[in-house]
Structures are given as C-alpha cells and as structure tokens.
There are 2 protein chains.
Amino acid sequence: MGKEVQESKALDGGATFADDELVRSGRDADVTRRALVRAARRRFATEGYRATTVRHIAADAGVNVALINRYFGSKEGLFEACMNRTVDELDPQTRARASSVDEVIARLLTHVVEAPNADDPLQLLLLLRSSGDENADAIRRRTLERFTEQLAAAAGWSADVPASQPLLLRAQMAIALMLGLVMLRTATEVQPLASASAEQLTEPLESVLRVLLDTRN
Amino acid sequence: MGKEVQESKALDGGATFADDELVRSGRDADVTRRALVRAARRRFATEGYRATTVRHIAADAGVNVALINRYFGSKEGLFEACMNRTVDELDPQTRARASSVDEVIARLLTHVVEAPNADDPLQLLLLLRSSGDENADAIRRRTLERFTEQLAAAAGWSADVPASQPLLLRAQMAIALMLGLVMLRTATEVQPLASASAEQLTEPLESVLRVLLDTRN
DNA sequence: TACCCATGTCAACAATCGTTTACATGCTCG
DNA sequence: CGAGCATGTAAACGATTGTTGACATGGGTA
C-alpha cells in the first residue's frame, strides 16, 4: 500500500477536531482509516467487541463496509488498530516521569473524570473489552500489565522504593478502580455516579488513590 | 441409554464449562432450568452477553438448545433469569444489618476475593454485562443502584449518619473497585492480580474500603 | 490525452446466530 | 393397560454477521 503521501493532514492538531463528520472531501485512504478507527473505538468501547457490527462502524464513519477489510484485513484487525492507537496515546503520558505521587494521581484523574477529551475515558474501556481473539486479547493483557508497571514505577520513584510485588498489586487495584468507575459511568450509566461532577469525584478518589499508591504512609 | 451428563462437545477450541455436578438423571424441568441458569451465568459473566451463544450454554448444561426457548422464552429471558437469581442471592446478604463498617467490608471481601464459592465473584460480573436489551439493562441498572443504597446504608448505620449523596458516591466507588477487580482477575486475567492470593489482596483492599466507607475519619 | 493504480461501490457469499416447528419419548393417573 | 400431558430431540428456517470478488471512478503521471 502506498504510504509516503500526506501524513501531515490532521495528525498534529491544532485541529480542535470539529470532527463530527471529519470531512472526507475526496478519496483519501488515510482520512478514511482514521475515521474508521475513531468510529470503531467509540463503538467497541461502549458496546463491546461482539455487539458492534462492521456495518455500524462503517456507517458512523460514513464509509463503505468493504473498506474495513481493505484497510485492516478484518474486524479483528480494526480492533487491534484501535488498541494500538490507544496504547500510543496512553504510553507517553505514563512514561513521563512524575515528580510526586500526587502528580501521578492527578494525571489519572485527568484521564478518568475530568475528561478534557470526551473520548479519553473510553480509551480505558477498550482495555476491558475482549475481542475473543487470542491475539488481540494478548495485546490487551500485555498493555494492561505494562500500564501497571509504569504506574507502580511512577509511584515508587517518588519514594525511591523498588517496584515490589505488593506495589504492583496496589497499582493494579488503582487501575481496577478507574476501569470500574468508567464502566459504571459511561457504559452502565448507574446513578448518581454517572451524572456526578468531576469536583464531587476528585476528593474521594484522591484520598483512595493516595492510600493505594503512596508508599510513604 | 440416558445421556446423563453429556460433555460439551468441542464447539470451539476454547475451554468449555463441563457441568460436573448436578446430574440430570431423568427428565425434570426444574433441574434442567437450574442447569441452564448456572451454565448461562458463567458464560454471560465471563464472556459477555453477545459473545455467548445459546448452543454453548445448552452444551455446558448438557441440554438441548430448544429447551432454552421452551423454559425461558428467549436468550434474553434466560439472561433476565440469571440476573434475577443473582439479585435473590445478593439481596439477603446486603440487607442484613451490619454492626460495624468492618463487618460490611469483610462481607464484601468474602464475596470478591476470598470466594467460598467459585461462582460468587462471577455473579458480580453479571452486573457489568449488558445484554443490549433495554428491559434487562434497566433491571441491571436498578440492581446496581439498590446495591449502592444498601451498601451506603450499612456504612452509615454503624455511624448513625444519614445516607447522603457523597456517601452514595463513595459506596459506588467501592462497588466500582470490586467490579473492576473481579473483571481484571477473572475475565482479563491480568497478572499479577489474577493469580494473587486472598491474603495478598485483603490488607490493601481493607484500608481502601475503610477510606471510602468509614464515616468516622 | 490516455493510461493506470489507488480508492470506493455494490452485490452476493458462507457461516453462524436465535428461534421455531414437528416429532419422539417417558411419566402419571384414570 | 393406555390416554394425555410434560419433557426432550432433531432439523430446519430466516435474519444477521463478517467477508469477498467483480466492477466503477477519480486523480496523478508518462
């Protein structure tokens, strides 16, 4: 497939993405691919892998169904692409060394409840949605474990504590809390959690995360 | 030439839940119904609603597929039956008035990590699995909210504090933590959380739940 | 211009899903 | 015993799924 062409289209974004439609003016494979990935991520995250159909994804993206197989090989290929993009967007944020546990916690809360971008919490949900495919599931599992290690490392660094087994477990509990929270808020939409404001959630979450991740107590 | 417990044939390569006990000796509608519900709950909880097929459930239960529609009307009817049974088993435990917050926490941990019955954690997962049907989903949502209120009440009682909005949110965070935990342990099977022992998990979980639910601090 | 390949469209495929229908079998009771 | 209902079995149906191949079209290039 040709690849040298227009990479700089909407990647860096000043773009503030007005993207409801993401005007696919002409025929542009890259734009089509991105539109598909974005529509797919929303569907996969909110409805799960099996429940979302390729025809729905294509309709959301305003694209012909056959193009999914052309550009991603299969539905599972599209799912893998979605997860890889999630990893790419998640990794730099977690790799950046934090100066304190509070900063790590603040970053977590930013992703989960404060939601600068409406799709940010959904990215995390992808890590819970199984595709049933062993390959994609392995990626998913490994991503979660890497995420754990980075979170534990960030927490341990600030106290100069080696990432021990208990610390890994505590980091994974923090992730479990975040994932369960997003799940209940966006997928199940249980009240009053779903309609709670960020201010109502930050204070209790902060104290809980501090108990889990702060090794100084 | 009774078929006794017929093994689930290799419908897919994956692990199948052979229903070991509960031998359906003769033709007994009640036994059949129970076998179906139990097999269905395991499948629904671990693989989600859409991903589980009625043929898999029937094979697990050692029962003909058509009996699902005979006894439960439809796949969704079976799902509702599963959830109702979960509610019935969950309700008395949460209704029982606790003498202290620690007792409430101990009960939660019993359900989630100590697992006297291997299916206990899976029951909770059912509350996260959407069927896509609006009716079943409403039941699910309402069950979660009732569960929240009872948990908040149990926590508030011990300190004679009225169940306020923040307390409800904190109770729901505790539920989110539990659900995420079970999800990562049983469905995603992420390490080291999945193979962690109950002793490794109880101590951090206790302190976290105390921060969330104990109104005395 | 005329070609050519990337891109997109359309229709149909095979597989699988939930469900239904018709039939077989066993238990209960007159 | 044997009629009758409850229970279980087998096969097929229609709908939907992911996927594919043949065909249309646009835009850049020789």
Side-chain angles (χ1 to χ4, degrees), chain A residues 1-7 9 22-36 39-40 43-44 47-82 131-133 135-136, chain B residues 1-6 8-14 19 23-36 39-40 43-44 47-82 131-133 136:
Chain A
M1 331 249 178
K3 33 184 50 208
E4 83 282 10
V5 261
Q6 50 280 59
E7 288 292 322
K9 208 49 178 296
L22 186 61
V23 249
R24 311 187 315 105
S25 54
R27 19 174 76 193
D28 187 329
D30 258 358
V31 174
T32 300
R33 264 189 285 257
R34 272 195 289 270
L36 279 175
R43 287 277 183 181
F44 284 148
E47 307 177 2
Y49 179 80
R50 291 300 236 283
T52 70
T53 71
V54 289
R55 286 177 170 84
H56 274 153
I57 297 174
D60 289 348
V63 148
N64 194 284
V65 202
L67 296 184
I68 289 181
N69 298 90
R70 176 189 291 283
Y71 292 129
F72 300 96
S74 63
K75 182 188 181 184
E76 279 173 8
L78 177 56
F79 181 74
E80 279 200 38
C82 291
S131 76
D133 174 55
N135 184 21
Chain B
M1 302 334 8
K3 321 210 86 166
E4 317 262 291
V5 183
Q6 79 185 40
S8 55
K9 300 307 255 282
L11 273 173
D12 62 347
D19 216 336
V23 187
R24 310 186 319 104
S25 53
R27 27 173 69 196
D28 186 330
D30 262 352
V31 175
T32 300
R33 263 189 285 258
R34 271 193 292 270
L36 278 175
R43 287 280 184 181
F44 284 148
E47 306 177 3
Y49 178 80
R50 292 298 238 282
T52 69
T53 70
V54 290
R55 287 179 170 86
H56 275 152
I57 296 173
D60 290 346
V63 149
N64 193 285
V65 203
L67 297 183
I68 290 182
N69 297 89
R70 175 188 292 282
Y71 291 128
F72 300 96
S74 64
K75 182 188 181 184
E76 279 174 8
L78 177 56
F79 182 74
E80 279 200 37
C82 291
S131 75
D133 174 54

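By convention in this document, chain letters (A, B, ...) are assigned in the order of the sequence lines, proteins followed by strands, and residues within each chain are numbered from 1. Since this is a predicted model, take the numbers as computed values, not measurements.
- In this structure, Lys75(A) atom NZ and dT17(D) atom C1' are separated by 8 Å, rounded to whole Å.
- Ranking dC10(C), dG8(C), dG8(D) by closeness to the Arg70(B) side chain, first place goes to dG8(D).
- For Ile57(A) and dT17(D), the CD1 to C1' distance is 12 Å, given to the nearest whole Å.
- In this structure, Leu67(A) atom CG and dT9(C) atom P are separated by 6 Å, rounded to whole Å.
- Between Leu36(A) and Ala58(A), the shortest heavy-atom distance links the atoms CD2-CA, 4.3 Å.
- Nucleotide dA11(D) holds its P atom 11 Å from the CG atom of Asn64(B), rounded to whole Å.
- Between Ala51(B) and Arg50(A) the shortest heavy-atom distance is CB-CG, 3.6 Å.
- If you take CD1 of Ile68(A) and C1' of dG8(C), they are 14 Å apart, rounded to a whole angstrom.
- The base of dT25(C) lies close enough to the side chain of Arg27(B) for a donor and an acceptor atom to sit less than 3.5 Å apart.
- Here the closest heavy-atom approach between residue Ala29(B) and residue Tyr71(B) is recorded as CB-OH, 3.5 Å.
- The two residues Leu78(B) and Phe72(B) have their closest heavy-atom pair at N-CB, 3.6 Å.
- Distances from the side chain of Ser74(A) to the nucleotides dT19(D), dC10(C), dG18(C) place dT19(D) closest.
- Rounded to a whole Å, the CZ atom of Phe72(A) is 18 Å from the C1' atom of dT20(D).
- Lys75(B) forms no cation-pi arrangement with Phe44(B), by the criterion of a distance under 6.0 Å to the ring centre and an angle within 45° of the ring axis.
- If you check dT7(C), dT7(D), dG18(C) against the side chain of Thr53(B), the one that comes closest is dG18(C).
- Contact between the side-chain N/O atoms of Asn69(A) and the OP1/OP2 oxygens of dT19(D) is found at a separation under 4.0 Å.
- Judged by closest nucleotide on DNA chain D, Ala29(B) is the one of Ala29(B) and Arg50(A) placed further toward the 5' end.
- Here the P atom of nucleotide dG18(D) and the CZ atom of Arg55(A) are 7 Å apart, to the nearest Å.
- A close approach under 4.0 Å does not occur between any side-chain nitrogen or oxygen of Thr32(A) and OP1 or OP2 of dT7(C).
- Computed from coordinates, the Arg43(B) CZ to dC17(C) P distance equals 11 Å when rounded to whole Å.
- Side chain of Val54(A), nearest nucleotide from dT19(D), dT7(D), dG18(C): dT19(D).
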